[in-house]
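Working notes, structure below.
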Amino acid sequence: MTKSFVGKSIKRNDGLDKISGDQKYLDDLKFGGLLYASILSSPHAHAEILNIDIKEAENSPGVKRVLTGDYHPHAMGLYLGDKPPLAVQKVRYYGEPVAAVIAKSKADAEKAVQKIRVKYKKLNSVSSSRESLKKEAPILHQNLKNYNHIPDVVPQPNSNIANLTKIRKGNYQKAAKEAKYVIKEKFKFPPGDHVAMENRSAVAEIKANGDVQIYSTTQAPFVVKELLAFNFDIPTGKINVIAPPIGGGFGGKAGLQLEGLAYILSKSVGGKPVKIVNKREDDMVSSPGHIGLEANVTITADEQANITGMDLQYYFDAGAYADYAVNVSRAAAISATGPYRVDNLNCDSYCLYTNHPFATAYRGFGHIELAYVIERSIDILAKKIDIDPVKLRLINAISKGDTTPTRSLMDNNTGDLKACINKTAELINWDQGSVVKIDNDKVIARGMGLLWKSPAMPTNTDAGAILTFNNDGSVNLHNSIVEIGQGTKTALRQIVAEKLQMPLNKVHITSEVNTKTGPHDWATAASRSLMMAGRAAINASEDAIQQLKNTAARVLRCPVEDLTVAEQKVFMTDEPNIFIKVRDLCLGYVYENGNAIGGQIIGRGNYIARKLSSMDPKTGEGRPALEWTLGAQAVKIEFNLRNYSYEIKKAASTMDVGKVINPDLARGQVTGAMAMGLSFARSEGFSFNSSNLVQNDTLRDYKILRYGEHPNYYVEFIETPQGDGPFGARGLGEQGVIGMPGALANAISNAVNQEIKELPLIPELIYKNVKEGHNDD
Amino acid sequence: MMITYKGNKEISLKINNEIYKVVVKPNETLLNILRDKLELTGPKAGCENGDCGACTVLINDKPFKSCMALAVEMEGNDITTIEGLKKTEIQKAFIDKEGYQCGYCTSGFIVNAYALLDKYKKPNEQQIKEWLNSNLCRCTGYEGIERAVNKVIDNR
């Protein structure tokens with residue numbers, strides 16, 4: 001009888017380490033002979049650097065070296081190489097690193113950095129993405145035409161457009177002409193931060209033989225390794241990047257972060273190990289954060305409430321550097337419409353330079369942003385048509401046989417979005433009404449938001465897995481998924497245990513990623529780890545099983561196909577009492593006379609994304625999406641009409657994630673994501689003064705959801721299998737954030753009977769929106 | 001009278017029932033000393049501004065953000081870090097109810113919840129909220145933490 005591990009709520013493998021304070025993160029590790037760096041950052045949003053005087057800093061106690069931008073004045077990046085490690089000639093955002101001090105101790109470095117004197121000439125700054133497109137706006141990157149970029153990104157030199165992705169599908173003009181209902185809306189929200197609890201850090205060392213060793217709080221150690229090789233002209237094999245478990249990433253630790261800077265710092269002191277650790281304020285504004293957005297949305301519908309067309313302009317606020325943000329704007333175009341059947345679509349998704357802190361990947365990667373504007377628009381359309389917004393969603397929900405904005409077919413693996421909508425409506429008691437008065441001051445309000453997401457990855461995204469054995473018959477799964485709290489390593493152990501029919505405690509897994517010893521893996525991002533590394537782990541298990549059988553067949557003198565591997569034995573399927581233990585086979589079988597055969601078993605498995613293609617630059621046609629996760633979310637709030645405060649009472653999610661490998665861990669990913677999406681919409685985002693300086697760069701002023709502000713969570717899964725996923729699973733790590741902002745804003749709009757079109761939903765902003773709404777009437 | 005310190009000072013700290021002699025500068029926080037000099041890295045430097053609670057330790061059984069305490073003032077106190085808690089009910093409940101994901105806030109949360117459950121046998125919802133809202137978690141949405149605390153209470 002086979003034992004089942006998949007589909008069970010197995011406890012995480014890192015529990016005892018994490019509840020005892022034993023888990024070591026990068027800043028907890030000790031390094032011999034370490035030097036420390038401290039960074040001077042820009043006090044201006046846009047200024048020319050006239051002069052930097054480092055003399056006094058150089059003479060400060062303990063200082064080894066002081067560096068400025070001219071040490072390595074080259075722009076680097078992943079998708080669009082536009083950012084030097086230290087500012088060159090100009091600073092483009094508040095918090096931009098300008099100079100670095102390397103000293104014997106952290107205290108020495110921090111003291112010396114204050115002795116650097118910089119003379120700036122302030123320049124006019126660009127304060128929003130719409131403003132960046134105006135004629136009079138300063139061009140922030142004069143050198144845009146010379147930057148390296150991937151072919152799928154289309155920068156427009158002599159403008160602030162770092163990327164423009166266009167989608168043209170069907171005939172929108174015709175749809176608009178024939179429409180019965182049209183809504184036209186504008187939305188906006190500011191950039192913000194991920195607020196992973198662990199601040200970013202990196203340690204770089206160049207050994208005597210030229211080997212480069214980087215420790216980093218990275219979600220993408222192989223990306224770091226390959227980018228360092230490319231940008232510093234080092235053979236890739238000479239670089240090793242080590243990623244210990246990290247204290248949350250949420251996209252903010254993908255791409256290149258502090259590693260390039262750490263490398264040049266180490267190089268400048270003869271290769272000695274140098275450590276940079278962000279302080280919270282640096283982590284929030286110097287390092288990249290969450291993208292901002294302004295959007296125009298026009299939706300057309302026919303008499304029967306079928307959506308016939310969408311005309312969308314997304315103006316993403318990438319901030320001062322757009323390296324990663326260009327791909328966020330591309331992802332938002334791929335999924336531009338939200339999970340709706342839209343046959344006629346115009347979408348222009350712009351990634352724009354402004355003088356704000358720069359943006360990178362953020363949980364949901366373009367989707368949380370577009371979902372906010374689309375889900376708000378759907379509710380506005382429902383009011384125009386005078387139809388229940390849940391019913392409108394059911395009528396237009398995308399399903400099998402429809403096509404995506406890039407004209408990819410929603411195939412047999414398409415989840416059941418209508419079932420998700422119905423289930424979520426039930427969980428939130430939608431039938432009790434979208435607004436219900438409790439007393440003179442308070443109402444209960446409900447709102448829904450749908451979600452969909454596909455990973456916007458390179459077409460050749462891959463994963464690998466290697467299985468080695470110990471002489472007790474247990475197995476080690478070598479993998480290159482970074483432990484960021486998501487629990488993928490536990491799910492991978494379940495997959496290997498299931499395949500090898502081996503007790504879970506006999507499946508060990510590597511916790512840190514080492515790019516020299518681990519298999520290649522694109523990045524722990526895009527909710528693709530379980531799907532891809534899971535497939536690789538299945539392959540590696542099957543490979544190991546075959547090898548075990550091969551050696552056993554020789555010893556047992558029987559055909560290979562007569563054998564089964566289970567319970568740490570290889571036995572004859574029809575005569576199970578004839579067997580050899582795995583531990584007697586896995587490092588080679590030894591006969592009584594000492595002869596040995598077989599050698600050690602090394603299972604290998606790989607996976608590479610299938611059938612992905614680039615997009616047509618004029619129409620967006622192509623196949624950029626590996627799989628789609630669909631879902632419906634809703635909230636119930638209690639809203640005070642007197643002071644515009646509110647409590648989020650209930651939040652519900654139903655997602656079609658294919659096979660749920662570990663229900664408890666899956667629920668944890670979804671509740672965590674729901675909280676993050678609600679927090680973002682409720683109270684997050686940078687506040688800027690008139691000079692574009694961030695006013696809330698501490699956790700005291702930048703409000704994320706606290707204990708007790710969280711709602712009761714209701715989480716359900718629908719399990720339409722993903723044919724090419726491991727055991728039918730698809731991605732679920734990010735998705736839970738996506739529908740929440742729209743759902744919350746819809747509930748609040750219902751409560752105040754006015755259309756809210758901005759974020760964050762703090763009482764002041766709601767009040768302002770309501771007041772402006774009335775003025776329009 | 002204000003106590004003034006100049007230069008380095010050797011102090012002795014009682015941490016997790018052990019006495020540590022350590023030389024500190026007057027501007028060093030308890031968190032700095034725990035992490036950098038005593039290799040007690042369970043408490044984390046999440047913000048060093050008293051906002052996130054990742055550095056929470058117990059000072060005479062009361063939760064305290066160790067980034068907000070000067071080490072030099074800590075002599076004569078009984079300090080407990082996460083390393084000093086062994087297999088307590090709340091730690092087991094954090095595993096059982098998925099009270100953690102990335103684990104970075106976990107030390108601080110557990111220390112705070114431990115003190116709460118030490119002071120009150122069965123704290124009510126309002127008390128739990130008042131205590132635990134001084135710590136931030138970005139991964140869990142707090143459901144697992146809430147369930148872990150409630151599990152300990154329900155078992156009493």
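Side-chain atoms are counted along with the backbone in the values below, which use heavy atoms only and exclude waters and symmetry mates. Here is the naming used below: chain letters follow the sequence lines, and residue numbers restart at 1 for every chain.
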(message) Taking the basic N atoms (NZ, or NE/NH1/NH2) and the acidic carboxylate oxygens, is any pair closer than 4.0 Å for B:R35 and A:D27?
(response) yes
(request) Using non-hydrogen atoms and a 4.5 Å limit, figure out which bit of A:S679 sits close to chain B: side chain, backbone, both or neither. (result) side chain
(request) Examine whether an atom of B:E98 lies under 4.5 Å from a heavy atom of chain A, and if so say whether it belongs to the side chain, the backbone or both; otherwise answer neither. (result) side chain
(message) Heavy-atom cut-off 4.5 Å, strictly under: side chain, backbone, both or neither for B:T81 against chain A?
(response) neither
(message) Between A:E198 and chain B, with a heavy-atom cut-off of 4.5 Å, which part of the residue counts as in contact: side chain, backbone, both or neither?
(response) both
(message) Which heavy atom of B:I82 sits nearest to which heavy atom of A:I19, and what is that distance?
(response) CD1-O, 3.5 Å
(request) Write down the atom of B:Y104, the atom of A:Y25, and the distance for their closest heavy-atom approach. (result) N-OH, 3.4 Å
(request) Answer with side chain, backbone, both or neither: which region of A:M674 has an atom nearer than 4.5 Å to a non-hydrogen atom of chain B? (result) neither
(request) Could you tell me the separation between the CG atom of A:L699 and the CG atom of B:D51, rounded to the nearest 0.5 Å? (result) 5.5 Å
(message) With chain A as the partner, which of B:G84, B:S107, B:C47, B:C137 has the greatest number of non-hydrogen pairs under 4.5 Å?
(response) B:C47
(message) Around atom CD of B:E39, are there more than 12 heavy atoms from other residues, nucleotides or ligands closer than 6.0 Å?
(response) no
(message) Test side-chain contact (heavy atoms from CB on, under 4.5 Å) on B:Y100 and A:D14; report intermediate values, then the result.
(response) CA-CA 10 Å; B:Y100 69 95; A:D14 52 2; 3.6 Å; yes
(message) If you count every heavy atom of other residues, nucleotides or ligands that lies below 6.0 Å from B:E125 atom CD, does the total exceed 12?
(response) no
(message) Quick check on side-chain hydrogen bond (donor to acceptor under 3.5 Å, both in side chains): which of A:E483, A:Q669, A:R12 does B:Q101 satisfy it with?
(response) A:Q669
(message) A side-chain contact here means heavy atoms from C-beta on lying under 4.5 Å apart; do A:F250 and B:C139 qualify?
(response) yes
(request) Return yes if some donor-acceptor pair links the side-chain N/O of A:T671 with the main-chain N/O of B:T140 below 3.5 Å, else return no. (result) yes
(message) Restricting to non-hydrogen atoms, name the atom on A:A675 and the atom on B:G141 that form the minimum distance, rounded to 0.1 Å.
(response) CB-CA, 3.3 Å
(message) For a salt bridge (Lys or Arg N to Asp or Glu O under 4.0 Å) check, start with the C-alpha distance between A:R667 and B:E143, then their side-chain angles and the critical distance, and finish with the verdict.
(response) CA-CA 10 Å; A:R667 181 186 174 92; B:E143 182 181 68; 2.6 Å; yes
(message) Does any backbone or side-chain atom of A:N278 lie under 4.5 Å from a heavy atom of chain B? Answer side chain, backbone, both or neither.
(response) neither
(request) Against chain A, work out which of B:L40, B:D36, B:I90, B:L132 has the most heavy-atom pairs shorter than 4.5 Å and name it. (result) B:L132
(request) Check each atom of B:E83 against the heavy atoms of chain A and say whether the ones under 4.5 Å are side chain, backbone, both or neither. (result) both
(message) When you measure from the side chain of A:K18 to the backbone of B:T106, do you find a donor-acceptor pair of N or O atoms at a distance under 3.5 Å?
(response) no
(request) Would you mind telling me which of B:C102, B:G42, B:G103 has the largest number of heavy-atom pairs within less than 4.5 Å of chain A? (result) B:C102
(message) Heavy-atom pairs under 4.5 Å with chain A: which of B:L136, B:I110, B:N133 has the most?
(response) B:L136
(message) If we ignore hydrogens and angles and just use 3.5 Å, is the side chain of A:R700 paired with the main-chain N or O of B:N49 as donor and acceptor?
(response) yes
(message) Around atom NZ of B:K37, are there more than 12 heavy atoms from other residues, nucleotides or ligands closer than 6.0 Å?
(response) yes
(message) Using heavy-atom distances under 4.5 Å, tell me whether A:L678 contacts chain B through its side chain, its backbone, both, or neither.
(response) neither
(message) Is the shortest side-chain heavy-atom distance between A:M197 and B:K44 below 4.5 Å?
(response) no
(request) Can you establish whether the number of heavy atoms outside B:N17 located under 6.0 Å from its atom CG is more than 12? (result) no
(message) Please classify the contact of B:E146 with chain A as side chain, backbone, both or neither, using a heavy-atom distance under 4.5 Å.
(response) both
(message) I'd like to know if the side chain of A:R280 and the backbone of B:C52 have a donor-acceptor N/O pair within less than 3.5 Å.
(response) no
(request) Can you see which heavy atom on A:K11 is nearest to which on B:D96, and at what distance? (result) NZ-O, 2.8 Å
(request) Against chain B, work out which of A:M284, A:H194, A:E709 has the most heavy-atom pairs shorter than 4.5 Å and name it. (result) A:H194
(message) Please classify the contact between B:I128 and chain A as side chain, backbone, both or neither, with a heavy-atom cut-off of under 4.5 Å.
(response) both
(message) For B:K122, I'd like to know if atom NZ has over 12 heavy atoms of other residues, nucleotides or ligands within 6.0 Å.
(response) yes
(message) Can you confirm whether more than 12 heavy atoms, excluding those of A:K30, are under 6.0 Å from its NZ atom?
(response) yes
(request) Could you tell me which non-hydrogen atom of A:Y362 sits nearest to which non-hydrogen atom of B:R138, and how far apart they are? (result) OH-NH2, 4.1 Å
(message) Is it the case that atom NZ in B:K151 sees more than 12 heavy atoms from other parts of the structure closer than 6.0 Å?
(response) yes
(request) Would you indicate whether the side-chain heavy atoms of A:Y707 and B:N135 approach each other to under 4.5 Å? (result) no
(message) Quick one, B:K97 with A:D664, criterion salt bridge (Lys or Arg N to Asp or Glu O under 4.0 Å). Give me CA distance, side-chain angles, the key distance, then yes/no.
(response) CA-CA 9 Å; B:K97 296 294 176 188; A:D664 280 359; over 6 Å; no
(request) Walk me through it: do B:K129 and A:R706 pass the test side-chain contact (heavy atoms from CB on, under 4.5 Å)? (result) CA-CA 9 Å; B:K129 186 176 154 178; A:R706 284 187 179 269; over 6 Å; no
